[in-house]
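Start at 1 with the first residue, then count along the sequence.
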Amino acid sequence: GSITGTATLAAAKEVEREAQRIADGDLDRAIETQRTDEIGRIYAAMDEMRVSLAERIAELDAAREDAEQTSDEATALADDYQRIAEQYAETMQRAAEGDLTQRIDVDTDHESMTTIGREFNATMEQLQSALDDFSVFASNISDDVGEMQTRGEAAEQAVDGAVATADDISERAQSQRTQVETVTQD
């Protein structure tokens, strides 16, 4: 009985060493035995656990690499959006300061930013057209005011002439009345 107990104790110690090796991260070396008893089944279960852990760790490493790549791509995309947004903001600021000829360069790989740029450009075109129309309207009003001023001056001169004529007629009429009164008194 002591030989069997000693062999079992030695096998248990070997199982413990194999378990520690797995716990330390050594998952590359297979756990093998020629035994077909309970100890042999423990060896087989530990090897299945080793393979399963190795696969799971490989999956986690692949997922981590994918996450890092996705994170890098997201960072690059965010940086690109930021760069384009800053360019758009500069153009919009110049337009807000009065330079209505400003337009956004819509040559970008990002459809949403292209849409924003096209809409801004269309708005600026409409605003520029409205201001051009207003400028023509203001010029027409200025021309009309000038013409009215010229007509007003001509009317004022005509009124001044009519007043002078009326004054002259009034003076002549007064002179003739005075003469008529003088002649009638005589």
Under 3.5 Å, sequence neighbours excluded: what are the donor-acceptor pairs made by side chains of residues 45-55?
residue, atom, partner, partner atom, Å
D47, OD1, I31, N, 2.9
D47, OD1, R50, NE, 2.8
D47, OD1, R50, NH2, 3.1
R50, NE, R29, O, 3.3
R50, NH1, L27, O, 2.6

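Evaluation of the side chain to side chain donor-acceptor pair (under 3.5 Å) rule for E181 yields no partner, not counting sequence neighbours. Every residue was checked against the side chain to side chain donor-acceptor pair (under 3.5 Å) condition with S170, not counting sequence neighbours, and none meets it. Under the rule for a side-chain contact (heavy atoms from CB on, under 4.5 Å), the partners of Q82 that lie at least two apart in sequence or sit in another chain are E86. Partners of Q87 by side chain to side chain donor-acceptor pair (under 3.5 Å), not counting sequence neighbours: none found. Remark: D37 engages R35, I39 in a side-chain contact (heavy atoms from CB on, under 4.5 Å) (not counting sequence neighbours). With sequence neighbours excluded, the residues forming a side chain to side chain donor-acceptor pair (under 3.5 Å) with D99 are T101, Q102, listed by chain and number.
Applying the 4.5 Å side-chain rule to ILVMFWY residues, one finds F137, V145 in the same cluster as I141. Grouped with V163 in one hydrophobic cluster are V159, the linkage being side-chain heavy-atom contacts under 4.5 Å among Ile, Leu, Val, Met, Phe, Trp and Tyr residues. With a 4.5 Å cut-off between side-chain heavy atoms of Ile, Leu, Val, Met, Phe, Trp and Tyr, the cluster of M124 takes in L77, Y81, I84, Y88, M92, L100, I104, V106, M113, I116, F120, L127, L131.
Listed by first and then second residue, the side-chain hydrogen bond (donor to acceptor under 3.5 Å, both in side chains) pairs involving residues 120-130 are R103-E125, Q128-D132 (not counting sequence neighbours). Counting only residues at least two apart or on different chains, the salt bridge (charged side-chain N to carboxylate O under 4.0 Å, His left out) pairs with a member in residues 162-179 are D168-R172.
Judged by distance alone, the side chain of D24 and the main-chain N or O of D26 form no donor-acceptor pair under 3.5 Å.
To the nearest 0.5 Å, atom CZ of residue R56 and atom CD of residue E59 are 5.5 Å apart.
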